[in-house]
> 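Take a look at the following structure, please.
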Amino acid sequence: MTASYDSASHASAPCGSAPYDWPTPPEAWPESLRRDFAARAGNGRVGSRLVSETDRVRVWLLSLKPGERIGFHTHVLDYFWTAVTGGRARSHYADGRVAEVTYAPGDTQHHRYAAGDFMIHDLENIGETELVFTTVEFLDSANPPLRLDCAA
């Protein structure tokens with residue numbers, strides 16, 4: 001997905017939709033998911049708690065008890081996550097995909113976004129154990145970081 005803006009500046013992106021044109025939620029989703037997606041597109045809070053931030057990185061903890069869900073949030077920065085614990089989760093993506101994944105402790109995935117690219121998704125713990133992830137975002141990515149003080 002693309003947007004036009006000057007990616008040379010790494011200052012935080014403004015609140016709201018600028019500089020991005022967030023997509024509308026898929027019609028096939030239940031109304032509750034559609035409302036959550038519409039309200040939270042552009043939400044840069046990618047974890048339960050921001051545990052550390054420097055001029056180079058943001059480090060997040062994401063902890064979900066069985067049945068808990070982190071609502072829709074948006075990734076614009078290069079990042080990686082590591083599963084601290086194992087379990088099962090379901091994610092809904094902006095393109096309408098729904099993915100169910102089984103995680104093992106130590107599973108790690110790296111993501112990179114070109115200027116103007118992003119990913120919006122949620123994550124629900126559908127397993128029987130607490131799911132814990134650590135996510136590290138790189139602030140010197142092609143896109144400016146989303147502001148955290150205006151996240152939904």
Side-chain angles (χ1 to χ4, degrees), residues 1-7 9-10 12-50 57-104 106-127 131-152:
M1 305 193 172
T2 61
S4 60
Y5 68 95
D6 178 9
S7 64
S9 166
H10 290 286
S12 291
C15 294
S17 61
Y20 295 95
D21 182 19
W22 305 124
T24 57
E27 291 290 333
W29 285 357
E31 186 58 31
S32 60
L33 272 182
R34 289 177 50 78
R35 276 194 311 271
D36 186 46
F37 182 95
R40 297 174 63 90
N43 173 12
R45 299 189 70 80
V46 302
S48 307
R49 183 167 56 96
L50 180 62
V57 297
R58 286 179 179 164
V59 180
W60 294 89
L61 173 69
L62 174 59
S63 178
L64 298 171
K65 292 181 174 40
E68 284 187 330
R69 175 180 166 268
I70 183 172
F72 288 99
H73 54 278
T74 304
H75 295 276
V76 298
L77 300 174
D78 299 343
Y79 76 99
F80 72 89
W81 57 257
T82 298
V84 178
T85 63
R88 289 191 39 79
R90 177 185 303 122
S91 283
H92 298 84
Y93 293 88
D95 63 5
R97 277 182 306 128
V98 178
E100 292 189 4
V101 178
T102 300
Y103 298 98
D107 284 353
T108 299
Q109 217 174 77
H110 294 258
H111 296 267
R112 179 171 227 128
Y113 297 96
D117 287 352
F118 58 87
M119 177 184 62
I120 302 173
H121 75 116
D122 68 350
L123 187 71
E124 179 182 5
N125 182 346
I126 59 171
L131 266 177
V132 178
F133 295 89
T134 298
T135 299
V136 177
E137 296 181 295
F138 298 97
L139 296 173
D140 62 350
S141 299
N143 297 305
L146 295 172
R147 288 182 46 183
L148 302 179
D149 61 344
C150 55

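Computed from a prediction, not measured in an experiment: that's the story for all the values here.
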> Mind checking what makes ring-ring contact (aromatic ring centres under 6.0 Å, His included) contact with Tyr113, not counting sequence neighbours?
none
> Please check if the side chain of Ser48 supplies one atom and the backbone of Ser63 the other of a donor-acceptor pair under 3.5 Å.
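Between the backbone of Ser63 and the side chain of Ser48 there is a qualifying donor-acceptor contact (under 3.5 Å).
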> If the test is side chain to side chain contact (heavy atoms under 4.5 Å, CB included), which one of Val46, Asn43, Leu62 qualifies with Ile70?
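Of the listed options, the one satisfying the test is Leu62.
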> Within the side chain of Ser141, is there an N or O that forms a donor-acceptor pair under 3.5 Å with the backbone of Asp78?
yes
> Let me check something: any side-chain donor-acceptor pairs from residues 79-86 under 3.5 Å, sequence neighbours excluded? List them with distances.
residue	atom	partner	partner atom	Å
Thr82	OG1	Thr108	OG1	3.0
Thr85	OG1	Glu130	O	2.9
Thr85	OG1	Val132	N	2.9

> State whether the side chain of Asn143 and the backbone N or O of Leu77 hold a donor-acceptor pair below 3.5 Å, judged by distance alone.
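Not confirmed, Asn143 side chain does not pair with Leu77 backbone.
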> Please confirm whether the backbone N or O of Glu137 pairs with a side-chain atom of Arg58, one donor and one acceptor, at under 3.5 Å?
no
> What is the minimum heavy-atom distance between Val57 and Phe138, and which atoms define it?
CG1-CD2, 3.9 Å
> Using the side-chain contact (heavy atoms from CB on, under 4.5 Å) criterion, which residues pair with Asn125? Sequence neighbours excluded.
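So Asn125 forms a side-chain contact (heavy atoms from CB on, under 4.5 Å) with Leu64, Pro66, Leu131.
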> If you look at every heavy atom in Gly42 and Trp22, which pair is closest and at what distance?
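Minimum heavy-atom separation between Gly42 and Trp22: CA-CZ2, 3.4 Å.
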> Under the rule for side-chain hydrogen bond (donor to acceptor under 3.5 Å, both in side chains), what residues qualify as partners of Arg112, not counting sequence neighbours?
none
> Please examine the side chains of Leu146 and Tyr20, heavy atoms only from C-beta on, and report whether any two atoms are closer than 4.5 Å.
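With C-beta onward as the side chain, the pair touches.
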> For residues Val101 and Gln109, determine if any side-chain heavy atom of one lies less than 4.5 Å from a side-chain heavy atom of the other.
no
> Under 30°, 30 to 60°, or over 60°: which ring-plane class applies to Tyr103 and Phe133, parallel, tilted or perpendicular?
perpendicular
> Looking only at heavy atoms, which two atoms of Pro26 and Ala94 are closest? And how far apart?
CG-O, 3.7 Å
> For the residue pair His73 and Arg45, establish whether any side-chain heavy-atom pair is separated by less than 4.5 Å.
no
> List in chain and number order the residues that pass side-chain contact (heavy atoms from CB on, under 4.5 Å) with Glu100, two or more places apart in sequence or in another chain; answer none if no residue qualifies.
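side-chain contact (heavy atoms from CB on, under 4.5 Å) check on Glu100 returns Arg88, Arg90, Ile126.
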> Starting from the C-alpha separation in whole Å, work towards a yes-or-no answer on side chain to side chain contact (heavy atoms under 4.5 Å, CB included) for Phe72 and Leu33.
CA-CA 9 Å; Phe72 288 99; Leu33 272 182; 3.8 Å; yes
> List for me each residue that meets side-chain contact (heavy atoms from CB on, under 4.5 Å) alongside Arg35, sequence neighbours excluded, and say none if there are none.
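Testing Arg35 for side-chain contact (heavy atoms from CB on, under 4.5 Å), a comparison that skips the adjacent residues, returns Glu31, Ser32.
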